[in-house]
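Note sheet for the following structure.
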Amino acid sequence: MILKQFDELKSFLIKQQQIVIIGHKNPDGDAVGSSLALKHYLDKKGHRAQVLMPNEYPDFLHWIPGSRTVYRFDRQNNQCVKSLKKSTLAFLLDFNTLHRVGSDMQNTLSKYEHDFVLIDHHQQPDDFKYMYSDTAMSSTCQMVYNFIDMMGDLDLIDKNIATCLYTGIMTDTGSFRFRSTTSRTHRIIADLIDKGAENDKIHSNVNDSNTHSRLLLLGQSLSNLEILPDYKTAFITLSEQEKKKFSHEKGDTEGIVNYALSIKGVVFGVIFIEDEEQGIIKISFRSKGKFSVNQFARNYFDGGGHDNAAGGRSEMNMEDTLKFFKTLLPKYKNDLINSYEI
Ligand code: 5GP
Ligand code: MN
């Protein structure tokens, strides 16, 4: 755990500040939840906080309290640049290195004249003036709860803040089932329910938002699934053509990789998704046990993340990407076979 210059930050926050809060590209429930929770909290403390996201996030997150106030860097560039200019401090939430916001926004942020505060749970963070980094944490939302606690302000957590934090903890822990979910996580969740988070509604808002075409896309993905029993590995592919056929929208592929990992005996699940716009294959990796997909994604696919959930990319076409992927597995055979024991 790294906690850097917290007391100085606390003193800086005694005076009212103009603050921007920034999440990563393709924001997920944890990025959106933590950013909006922090915004509500800082506003309550008398600051003016504006959330900036690099690009769009999925529909199933649009109901989160405060969602309408978010500026998107790709669409509302002027407002974003203005907010950055006016601000005296920038929080970076749920990512570890500036390039995770995408190259356009990274360019702008690299010229930022004030200080950054990083709150994040990904491995190998870059160095910033103020940091709270802990890879043992279930989610950045859990860390924002801790941050508010360290500020001595748990009593300021209201229904909106509790709802945002609950959402991110829930989505990043796969509904409280991953290894990173501790008794402390559950205690925080209990407190958030006491403070007004309506757990049944949050689960329903996030998880029961399927459309017919999304289910058909899932059906296609599942029929593309391949299992490699020798390596306890299963992978799914999705081509641009298949995405188009089922009217793919942002967020539709979220979570599909978990079906690969849900197969009995499988410890390594992967989904390869063709992205014509970026000219890449976007890859999500998931594992059970000791096999580190963070390291695997870093070594071969220009990515990273956590030990059991990471992402990366390939600039080859789908066929060559799969060939390359399959050539890597023999080297990891022992690690994969011994990764996880029930
Ligand atoms: P997902 O597969 O859901 O996109 O991402 C899983 C985890 O890996 C998330 O924590 C995400 O932040 C991280 N991740 C996804 N893609 C990348 C990437 O290209 N680079 C790095 N460093 N992390 C990534
Ligand atoms: Mn996260």
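Every heavy atom of this structure was used, including side-chain atoms; hydrogens, water molecules and symmetry mates were not. For ligands, and for the atoms within them, numbers begin at 1 and follow the listed sequence.
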So does [X] pair up with [Y], basic N to acidic O under 4.0 Å?
{"X": "Glu242", "Y": "Lys245", "answer": "no"}
{"X": "Lys159", "Y": "Glu198", "answer": "yes"}
{"X": "Asp94", "Y": "Arg100", "answer": "no"}
{"X": "Lys39", "Y": "Asp43", "answer": "yes"}
{"X": "Arg179", "Y": "Asp307", "answer": "no"}

Looking only at protein heavy atoms, which one is nearest to [atom], and what is the separation?
{"atom": "atom 23 (N) of ligand 1", "result": "Gly304 O, 3.0 Å"}
{"atom": "atom 7 (C) of ligand 1", "result": "Ala309 O, 3.6 Å"}
{"atom": "atom 2 (O) of ligand 1", "result": "Ser284 OG, 2.6 Å"}
{"atom": "atom 6 (C) of ligand 1", "result": "Arg286 NH1, 3.6 Å"}

Examine [X] against ligand 1 and note whether any of their N/O atoms are separated by less than 3.5 Å.
{"X": "Gly311", "answer": "yes"}
{"X": "Lys282", "answer": "yes"}
{"X": "His24", "answer": "no"}

Under 4.0 angstrom from ligand 1, any heavy atom of [X]?
{"X": "His306", "result": "yes"}
{"X": "His122", "result": "yes"}
{"X": "Arg100", "result": "yes"}

Report yes if the distance between the aromatic ring centroids of [X] and [Y] is under 6.0 Å, otherwise no.
{"X": "Phe291", "Y": "Phe285", "value": "no"}
{"X": "Phe147", "Y": "Tyr132", "value": "no"}
{"X": "Phe325", "Y": "Phe272", "value": "yes"}

Taking the minimum heavy-atom distance to atom 8 (O) of ligand 1, which of Ala31, Ala310, Gly303, Gly312 ranks first?
Ala310
Quick one: which ligand 1 atoms are inside 4.0 Å of a heavy atom on Gly305?
8 (O), 13 (C), 23 (N)
Taking 2.8 Å as the cut-off, does an N/O/S atom of Asp30 lie below it from the Mn ion (ligand 2)?
yes
Can you tell me if, anywhere in Asp172, an N/O/S atom lies at a distance from the Mn ion (ligand 2) that is smaller than 2.8 Å?
yes
Please determine whether the number of non-hydrogen atoms from other residues, nucleotides or ligands lying under 6.0 Å from atom OH of Tyr259 exceeds 12.
no
Any cation-pi pair here, Lys333 with Tyr231, using under 6.0 Å and within 45°?
yes
Rounded to 10 degrees, what angle sits at the Mn ion (ligand 2) between His121 NE2 and Asp94 OD1?
90°
